[in-house]
Novice: 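Quick one: the structure is below, and I'll ask about it shortly.
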Amino acid sequence: MTFATPTLRLSADQYRRIVAQCYDGLPDEACGLLAGPLDGLEPTGEVREIYPCRNADASARTYTVDPSDLLRSLRDAERNGHELIGVWHSHTHTDAYPSQTDVRTAPDPGWIYVLVSFKHPDPVFRAYRIRDGVIAEVAVDLAD
Amino acid sequence: MPVEVRLPTLLRTHTDGTASVAVDGATVGEVFQALVTKYPGLGGQLVDESGALHKFVNVYCNDDDIRYLDQLDTKVADGDVLSILPAVAGG
């Protein structure tokens with residue numbers, strides 16, 4: 001770890017919904033947005049709401065969060081006093097680790113990037129921050 | 001005509017942490033110019049070298065994506081809300 005990272009804290013139900021949405025997206029990559037509170041400009045790591053979004057690329061290799069889903073998610077987060085704090089997407093055949101494309105296109109160094117991999121029989125769920133091309137894993141804490 | 005511009009966390013490092021800024025302008029392009037005058041660090045973040053909306057930025061006027069309106073020439077009115085968001089994509 002090369003810079004401080006928060007712990008991603010989400011409920012078991014949010015976790016299941018994210019993994020299920022990624023399954024539903026197969027054979028394409030699936031994606032969605034995380035919302036929660038900030039401490040200054042940094043997410044605390046607490047997830048208050050999740051927003052499954054359409055992959056505008058409809059691709060097994062890339063994703064783009066559908067711009068209208070992005071706006072819908074932002075507006076709902078704003079209404080509830082939250083901020084968008086991260087994004088999840090699936091890797092259908094590769095590890096739960098940011099690809100070179102993920103690192104190059106990571107929009108916000110404060111965001112938390114969740115990867116769900118289907119490379120192995122059981123899905124693998126990991127979280128990261130990506131800052132100046134450096135990847136740091138974020139601990140994941142599930143609560144009931 | 002003040003327009004409210006809502007900024008993503010990514011750009012708030014250039015606005016002293018401010019999430020929402022009221023600036024004047026009759027079009028999105030004019031609002032952006034006023035915004036950059038107020039916060040010079042935003043220069044180059046919104047508009048590319050050719051003067052077009054940056055490829056990796058989404059801008060919504062209220063609930064409409066300005067790419068499907070008149071882009072930077074999209075007219076804005078008093079009380080409109082411009083929301084700026086980074087494109088969220090990867091592989």
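Small disclaimer: the values here were computed from a predicted structure and weren't measured. Convention: sequence-line order gives letters A, B, ...; per-chain numbering from 1.
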Novice: Could you go through residues 84-91 of chain B and list every donor-acceptor pair under 3.5 Å that involves a side-chain atom there, pairing it with any protein atom two or more places apart or in another chain?
Specialist:
none

Novice: Any side-chain heavy atom of B:D24 sitting closer than 4.5 Å to one from B:V31?
Specialist: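 No. Closest side-chain heavy atoms not under 4.5 Å.
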
Novice: Which atoms of A:L38 are under 4.5 Å from chain B, going by heavy atoms: the side chain, the backbone, both sets, or neither?
Specialist: side chain

Novice: Show me, pair by pair, the donor and acceptor atoms from chain B and chain A that are under 3.5 Å apart.
Specialist:
from: B:R6; atom 1: NH1; to: A:E78; atom 2: OE1; distance (Å): 2.7
from: B:R6; atom 1: NH1; to: A:E78; atom 2: OE2; distance (Å): 3.4
from: B:T9; atom 1: OG1; to: A:D108; atom 2: OD2; distance (Å): 2.6
from: B:L10; atom 1: N; to: A:D108; atom 2: OD2; distance (Å): 3.1
from: B:R12; atom 1: NH1; to: A:E83; atom 2: OE2; distance (Å): 3.2
from: B:R12; atom 1: NH2; to: A:E83; atom 2: OE1; distance (Å): 2.9
from: B:R12; atom 1: NH2; to: A:E83; atom 2: OE2; distance (Å): 3.4
from: B:Y60; atom 1: OH; to: A:P67; atom 2: O; distance (Å): 2.6
from: B:N62; atom 1: O; to: A:R75; atom 2: NH2; distance (Å): 2.6
from: B:D63; atom 1: OD1; to: A:R75; atom 2: NE; distance (Å): 3.2
from: B:S83; atom 1: OG; to: A:R75; atom 2: NH1; distance (Å): 3.0
from: B:S83; atom 1: OG; to: A:R75; atom 2: NH2; distance (Å): 3.3
from: B:V88; atom 1: O; to: A:V65; atom 2: N; distance (Å): 2.8
from: B:A89; atom 1: O; to: A:T105; atom 2: OG1; distance (Å): 2.7
from: B:G90; atom 1: N; to: A:Y63; atom 2: O; distance (Å): 2.9
from: B:G90; atom 1: O; to: A:Y63; atom 2: N; distance (Å): 2.9
from: B:G91; atom 1: N; to: A:D102; atom 2: OD1; distance (Å): 2.7
from: B:G91; atom 1: O; to: A:H89; atom 2: NE2; distance (Å): 2.8
from: B:G91; atom 1: O; to: A:H91; atom 2: NE2; distance (Å): 2.9

Novice: Working to the nearest 0.5 Å, report the span between CG of B:L53 and CG of B:L72.
Specialist: 5.5 Å

Novice: Side-chain contact test, heavy atoms from C-beta onward, threshold under 4.5 Å: evaluate it for A:L34 versus A:L84 and give yes or no.
Specialist: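 No - every pair of side-chain heavy atoms lies 4.5 Å or more apart.
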
Novice: So do A:L33 and A:I50 actually touch side chain to side chain, heavy atoms under 4.5 Å?
Specialist: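 A side-chain contact is absent here, since even the closest heavy-atom pair is not under 4.5 Å.
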
Novice: side-chain contact (heavy atoms from CB on, under 4.5 Å) with B:K38: which residues, sequence neighbours excluded?
Specialist: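 Listed in chain order: B:V21, B:V23.
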
Novice: So which of A:G110, A:P67, A:A60 has the biggest tally of heavy-atom pairs under 4.5 Å with chain B?
Specialist: A:P67

Novice: What heavy-atom pair brings A:I85 and A:G36 nearest, and what distance separates the two atoms?
Specialist: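 Of all heavy-atom pairs spanning A:I85 and A:G36, the closest is CG2-O, 3.7 Å.
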
